[in-house]
Each structure stands twice: as structure tokens, then as C-alpha cells.
Amino acid sequence: MMPMKLGQFHGGLRLPGCKADSMLSPVTAAPIPPRLYVPLKQHIGAAAEPVIRIGDHVLKGQLLADSDSHVTAPVHAPTSGTVVEIVEHTVPHPSGMTAPCIVIETDGKDEWRPNLSAHSQYHLLSPNELRQIIRDAGIVGLGGAGFPAFLKLNPGQDKLVETLILNGAECEPYITCDAMLMQERARDILDGLHIMRHAVQARHCIIGIEDHNSAAIAAMQAALSKEEQKHISIIAIPTRYPTGGEKQLIKVLTNKEVPSHKLPIDIGVVCHNVGTAFAVADAVLRGIPLISRYVTITGGAIKTPQNLITQFGTPMAFLLDHCGLQRDKLSRLLMGGPMMGLQISDLQTPVIKTSNCLLALGPGEAGDTHPEMPCIRCGECARVCPAQLLPQQLYWWSRARDFDKVQDYNLFDCIECGCCAWVCPSHIPLVQYYRFAKTEIWQQERDKRKSDHARDRHEFRQLRMERKKREDEERKRKKKELLQRANAGKDETKKSAIDEALARVQAKKAQQQTESRNTDNLTPAQQKQIEAADARRANQTPADTTGDEGSEA
Ligand code: SF4
Ligand code: SF4
């Protein structure tokens with residue numbers, strides 16, 4: 001391990017670990033339930049859309065759903081079986097809401113789809129090709145957030161990655177899935193780290209592990225070769241909650257602060273969970289998509305706490321019963337740890353990509369419920385806040401529904417670690433107020449986006465109509481002009497025809513006069529003919545005369 005001067009983040013807490021019970025036995029595979037409920041959305045971003053139909057027989061690892069959206073992750077079949085339904089089913093969510101799930105009746109054969117494409121020569125692939133493989137494998141951040149991993153592995157063309165950090169600091173009490181993964185699959189995690197390093201072209205890598213987790217540190221060090229030690233450091237960091245928070249871990253390992261409203265990449269750092277690195281190795285080196293994960297099943301209501309490799313879509317009740325859930329002792333079920341975990345009220349809720357722990361708290365473990373009291377302005381909350389916020393102010397403005405003010409106090413820098421609520425002597429559920437404010441602000445932004453979109457559409461329509469009106473007017477004007485020009489041409493032609501006719505008449509008359517003056521030279525017979533012709537002309541109408549003249553002409 002390289003000696004290194006560590007940084008320190010503000011605040012934080014020393015919490016009881018409660019981890020030993022679930023680390024007593026090696027990790028095994030959970031049994032496959034008769035039915036899996038695989039949610040179409042198990043990540044941050046757009047839900048995937050089914051690419052299979054009800055009645056289809058699917059094989060393990062087969063693509064079930066995907067989306068064209070940029071921020072999304074495909075979903076694959078966790079085992080072989082038949083798709084029997086696509087239904088609304090309870091999913092892990094603070095509201096206990098339902099969402100579309102693909103229901104697979106499993107066949108017990110656990111039969112893989114053929115032709116998994118492995119890329120052992122991954123270093124011959126470009127970063128873009130690697131990101132595509134990771135995207136297609138449906139890999140999301142397994143530390144809890146569930147952000148699609150391929151996006152976080154794309155720093156952008158103008159950004160250089162100085163440090164790639166693997167987060168092995170499992171700082172919440174009870175959770176041990178990452179610790180067990182590091183103990184058992186250290187080589188795979190390092191392989192995943194190399195692939196990620198190639199994808200972001202990082203200069204060096206650090207793996208941060210809490211110092212109480214000596215077995216995991218030892219396993220990772222043992223797996224690290226001399227050559228790898230040149231660019232990978234494994235650092236034991238002080239056990240202090242919430243060291244596993246991204247910004248807090250970066251501060252400890254690099255002594256760099258990620259500024260408010262900025263991302264780690266803005267200071268040249270990319271941070272991923274050790275479980276994500278393991279999933280990347282599986283996807284790239286073995287062609288295995290993300291269909292299962294290590295899950296800690298623990299708490300006072302569980303007889304045999306342990307870690308199990310669990311297929312996504314497994315109903316929590318099935319898993320808890322497998323570990324000896326004592327329903328009469330269950331006071332609260334959380335997905336995650338006691339500080340940031342999500343309360344689960346329906347035991348049929350399925351395990352998803354972000355389910356790191358099922359914590360079935362027994363009597364006395366869930367904490368006494370005290371009535372909420374008024375804030376006494378003791379300032380304890382600000383003392384422990386790792387994000388250096390003013391939790392009391394956030395509480396006031398969230399409660400007053402002043403969502404501009406609460407943002408002025410950097411609400412969105414709050415990582416919902418719960419330190420403030422933990423120490424609050426007035427037992428104010430502070431994090432609930434912050435979550436409420438965030439949800440309201442997101443809703444207002446969604447509404448605003450919708451109304452902006454509607455206004456843009458209206459304005460565009462108005463512009464289109466005005467343009468059409470102008471074009472119609474222009475067309476009419478041009479048509480009128482053409483008509484006028486055409487009429488003017490006709491008048492001209494008519495006038496010249498009349499003038500020509502008149503000229504012909506006058507010319508004829510002049511000729512007749514000339515002829516009459518020459519009658520003296522005629523013979524008597526000619527004289528008579530002329531007189532007869534004159535007499536005939538005299539008896540004809542002017543029109544007949546003109547006609548004769550015309551035909552003669
Ligand atoms: S810890 Fe509780 S009582 Fe004390 S200032 Fe913060 S919110 Fe108020
Ligand atoms: S929950 Fe938010 S406000 Fe409270 S201590 Fe954690 S980061 Fe600070």
C-alpha cells in the first residue's frame with residue numbers, strides 16, 4: 001500500500017458497524033424463485049421497453065427490454081423461463097408505487113443464451129467500443145444511485161481523467177456485500193478496474209476501503225501484482241460515516257473538493273463502486289450482462305444473516321424467508337442501510353440492480369419513535385453535516401415551501417446521509433423535509449418544462465400562420481398583376497386591328513377616287529361595266545362592301 005496523506009471531510013459520525021453477523025459464511029447463490037418480477041426501470045433514466053412478448057420462452061442473459069433514450073439501461077433475463085405477464089407491480093420507491101414489470105415463470109434449468117461475446121483482448125478495443133459493451137450489458141452504478149455506468153465512463157473529449165477511484169468504503173451499518181465481494185472476487189474487481197481505466201484513459205487508480213475492513217484490504221492487496229502497484233493504490237481510510245459518499249471519498253483520497261453544482265469529472269476524477277467494476281469485468285471478459293448481484297440480508301428479524309448472489313426480480317419475501325425471516329419480529333424492512341435506506345412496505349417488492357441490502361430490523365433496532373419537537377436552534381445538525389450545509393435553514397425553508405430560498409441554501413448538495421436527523425435533539429425527520437422539497441422542485445421544473453413546451457408550440461403555430469397569410473397575400477398580388485398585364489395586351493391587339501381595318505377602308509376609298517378620275521380613257525363597254533358595278537355597290541350594305549373589300553384584299 002502506498003503511503004499517502006489523507007484528506008478529511010467536514011462533520012460525519014462514528015456509527016456502530018453491526019456487520020459481523022452477515023460475514024460469517026461465504027457468499028452463495030440464492031435459490032431461483034418460481035416467478036421473477038423484473039422491473040423495466042431499475043436505474044436513473046428512462047424506462048426500457050419490452051422487446052419480448054407474453055408467451056416467449058427466454059434464456060438467461062437474453063435481452064428483455066431496451067430503449068433509444070440516451071440515459072437508460074437495458075434489462076436482461078436473470079434466468080430461463082417463460083414470460084407470462086407484463087404487469088404493474090410494487091417496485092422499490094419511497095412512495096411504494098407500482099411500475100411495469102416483466103413476469104417470468106422460471107423453468108429451473110437456468111439455461112444461458114448461446115454465443116455470449118467475450119472480449120479478453122479488451123485493450124484492443126476503443127473506449128467507445130468498451131462503453132457500448134458496458135451499456136449493452138445494462139450496467140448501472142451498484143453503489144446505490146443506479147446511474148448508467150457507460151455515461152459515467154465517458155468524461156467527454158475536453159476532460160482529462162487524472163484519477164479513477166474505486167469506492168470500497170461501505171460506510172453504512174449492516175451492509176457487507178461490497179466487503180464480501182472484495183474478499184472473494186478481488187481479481188475480478190481489479191480486471192474491471194483495468195477495463196474502466198482504459199475506457200476513461202485515467203492516469204492512475206485508487207481503491208478506497210474503510211480501515212475496519214481488514215479482510216477486504218488484505219484480499220485486494222494479495223490480488224494486486226507488482227506491475228499493477230505502479231498505477232493502482234489500495235488505501236485504507238478512516239471509518240467514519242459517510243466516507244462512502246462520492247464527494248467525501250474524493251476529499252479523503254485526493255484532498256480535493258468537488259465544488260457545489262459540479263461533478264467529480266470537473267476536477268479530473270471519476271468514481272465507481274467496486275461492485276460496478278466486478279460487473280464490468282463480467283460483461284467485457286465473459287459477455288455476461290448485469291442480471292444478479294451480491295445482496296446482504298440481515299437485521300434482528302433474520303435468523304441467518306448472510307450475503308447471497310441474487311437474481312434481479314426475486315421477490316424480497318422469497319429471499320428473506322430463505323434466510324429465516326421471523327415475521328413476528330419484523331418491525332421495519334429497509335432496502336439499504338439504516339441511515340439512507342428505503343422503507344419497503346410490500347414484501348413482494350423485487351430485488352433490483354440497486355438493492356445492496358435487505359435490512360429486516362427487529363424489535364428495538366428500528367429506534368424509538370419520538371414525537372417531533374420544535375427546533376431549538378442548537379446547531380448540532382450543521383456540526384455533523386458532511387456537505388457543510390445549514391440543515392436547520394434547509395428545514396425552515398422546506399417546511400415553509402419556499403423552494404427558491406431552500407435552493408439558495410444548496411439543497412441539492414444534500415446527499416441525504418441523515419447525519420443531521422441522527423443528532424437532532426428535537427427528533428425532527430429532517431431528511432424527509434429535504435426529500436419533500438426536492439420532489440416538489442423537480443415537479444415544478446417538470447411542469448415548467450411542459451408549459452414552456454406548450455408555449456413554444458403555440459408561438460410556432462402563430463408564426464406559421466402569419467407566414468402563410470403573408471405568402472397567400474403575395475400570391476394573390478402576383479396573380480392580379482399578371483391578369484392586369486394580360487388584359488392590357490388584349491386591348492392593345494384589339495385597337496391595332498381596328499386601326500388596320502380603318503386604314504384599309506381609307507386606302508380603298510382613295511383607290512376608287514383615283515379610278516373614277518381615269519374613266520375618260522375607258523371604252524364605252526368598260527364604262528358600262530363600271531357603272532353597273534357602282535350601281536351594285538350602291539345597293540349593297542356597308543358591311544357587305546367591307547366584306548367584299550376584305551375578300552379582295
Ligand atoms: S439539530 Fe435539530 S434542533 Fe438543533 S438546530 Fe438542527 S434542526 Fe434545530
Ligand atoms: S442529510 Fe443533508 S443536510 Fe443532513 S447532514 Fe446529510 S447532507 Fe447535511
Side-chain angles (χ1 to χ4, degrees), residues 1 12-30 141-145 165-193 205-224 232-246 248-249 252-253 271-282 292-299 302 304-310 319 323 334-341 351 353-360:
M1 189 185 308
L13 295 170
R14 282 199 81 88
L15 297 172
C18 310
K19 293 180 185 255
D21 289 351
S22 60
M23 299 179 81
L24 294 174
S25 52
V27 181
T28 53
L142 298 186
I165 290 178
L166 269 201
N167 188 347
E170 206 165 29
C171 58
E172 273 227 53
Y174 290 96
I175 309 174
T176 58
C177 56
D178 287 350
M180 292 304 286
L181 187 71
M182 286 186 281
Q183 283 181 37
E184 297 189 350
R185 307 300 292 268
R187 186 62 249 165
D188 294 310
I189 294 170
L190 289 172
D191 288 344
L193 178 63
C205 307
I206 307 176
I207 304 171
I209 308 170
E210 281 190 322
D211 54 11
H212 70 85
N213 209 343
S214 49
I217 294 170
M220 293 299 294
Q221 278 177 330
L224 197 67
I232 300 176
S233 314
I234 297 170
I235 308 288
I237 51 177
T239 300
R240 186 167 185 82
Y241 179 78
T243 319
E246 193 171 64
Q248 287 67 40
L249 185 65
V252 172
L253 291 174
C271 189
H272 281 275
N273 176 266
V274 286
T276 314
F278 175 74
V280 165
D282 254 358
S292 63
R293 64 162 297 152
Y294 276 37
V295 181
T296 308
I297 298 100
T298 188
I302 297 289
T304 47
Q306 58 193 295
N307 280 277
L308 292 171
I309 301 167
T310 307
L319 210 55
C323 298
L334 298 175
M335 188 183 98
M339 300 299 285
M340 299 175 77
V351 168
K353 294 178 182 179
T354 53
S355 309
N356 53 357
C357 176
L358 299 188
L359 179 55

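Sequence positions, counted from 1, serve as the residue numbers for this chain.
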*Asks:* Measure the CG-NZ distance between Asn213 and Lys19 for me, rounded to the nearest 0.5 Å.
*Replies:* 7.0 Å
*Asks:* When rounded to the nearest 0.5 angstrom, what distance separates CE in Met339 from CD1 in Ile175?
*Replies:* 11.5 Å
*Asks:* Where do Ala223 and Ala186 come nearest, in terms of heavy atoms and distance?
*Replies:* CB-CB, 3.7 Å
*Asks:* Looking at Gly275, is its backbone amide N or carbonyl O close enough to the side chain of Arg185 to form a donor-acceptor pair, meaning the two atoms are under 3.5 Å apart?
*Replies:* no
*Asks:* To the nearest 0.5 Å, how far apart are SG in Cys177 and CE in Met182?
*Replies:* 9.5 Å
*Asks:* Could you check if a side-chain atom of Ile207 sits within less than 4.5 angstrom of a side-chain atom of Leu190, using non-hydrogen atoms only?
*Replies:* yes
*Asks:* How far does CE of Met220 sit from CD1 of Ile232, to the nearest 0.5 angstrom?
*Replies:* 8.0 Å
*Asks:* Identify the residue among Thr276, Ile165, Ile206, Leu253 that makes a side-chain contact (heavy atoms from CB on, under 4.5 Å) with Cys271.
*Replies:* Ile165
*Asks:* Can you see which heavy atom on Ala236 is nearest to which on Ile217, and at what distance?
*Replies:* CB-CD1, 3.7 Å
*Asks:* side-chain contact (heavy atoms from CB on, under 4.5 Å), that's the test. Do Val274 and Asn167 meet it? Break it down for me.
*Replies:* CA-CA 6 Å; Val274 286; Asn167 188 347; over 6 Å; no
*Asks:* Going by atom types alone, do Thr298 and Asp21 pair a side-chain donor with an acceptor below 3.5 Å?
*Replies:* no
*Asks:* Answer yes or no: is there a side-chain heavy-atom contact under 4.5 Å between Tyr241 and Arg14?
*Replies:* no
*Asks:* For Ile237 versus Gly208, what's the shortest heavy-atom pair and its separation?
*Replies:* CD1-C, 4.3 Å
*Asks:* Does the pair Asn356 and Glu172 meet the rule for a side-chain contact (heavy atoms from CB on, under 4.5 Å), with working shown?
*Replies:* CA-CA 11 Å; Asn356 53 357; Glu172 273 227 53; over 6 Å; no
*Asks:* Would you compute the distance between atom CD of Gln248 and atom SG of Cys171 and round it to the nearest 0.5 angstrom?
*Replies:* 8.5 Å
*Asks:* Roughly how far, to the nearest 0.5 Å, is CZ of Arg240 from CG of Leu15?
*Replies:* 9.0 Å
*Asks:* Any chance the side chains of Thr310 and Ser292 put a donor and an acceptor closer than 3.5 Å?
*Replies:* no
*Asks:* Apply the side chain to side chain donor-acceptor pair (under 3.5 Å) test between Asn307 and each candidate in Asp178, Thr296, Thr28; give the one that qualifies.
*Replies:* Thr296
*Asks:* Using every non-hydrogen atom in the two residues, find where Gly192 and Val280 come nearest and quote the distance to one decimal.
*Replies:* O-CG1, 4.1 Å
*Asks:* Does any non-hydrogen side-chain atom of Gln306 lie less than 4.5 Å from one of Cys323?
*Replies:* yes
*Asks:* Using atom types as modelled and distance alone, determine if a side-chain donor or acceptor of Glu210 lies under 3.5 Å from a backbone N or O of Thr239.
*Replies:* no
*Asks:* Can you tell if the side chain of Ser22 reaches within under 4.5 Å of the side chain of Tyr174, non-hydrogen atoms only?
*Replies:* no
*Asks:* Should Leu142 and Asn273 count as side-chain neighbours, where that means a heavy-atom distance under 4.5 Å?
*Replies:* yes
*Asks:* Please report the shortest heavy-atom distance between Tyr294 and Glu184, naming the atom on each side.
*Replies:* OH-OE1, 3.3 Å
*Asks:* Kindly give the heavy-atom pair with the smallest separation between Leu359 and Gly337, and that separation in Å.
*Replies:* CD2-C, 4.0 Å
*Asks:* Quick one: does any side-chain atom of Arg293 pair with a main-chain N or O of Ser355 as donor and acceptor, under 3.5 Å?
*Replies:* yes
*Asks:* Can you find a heavy atom in the side chain of Ile209 that is under 4.5 Å from one in the side chain of Ile235?
*Replies:* no
*Asks:* Can you check whether Gln183 reaches Met23 side chain to side chain, under 4.5 Å on heavy atoms?
*Replies:* yes
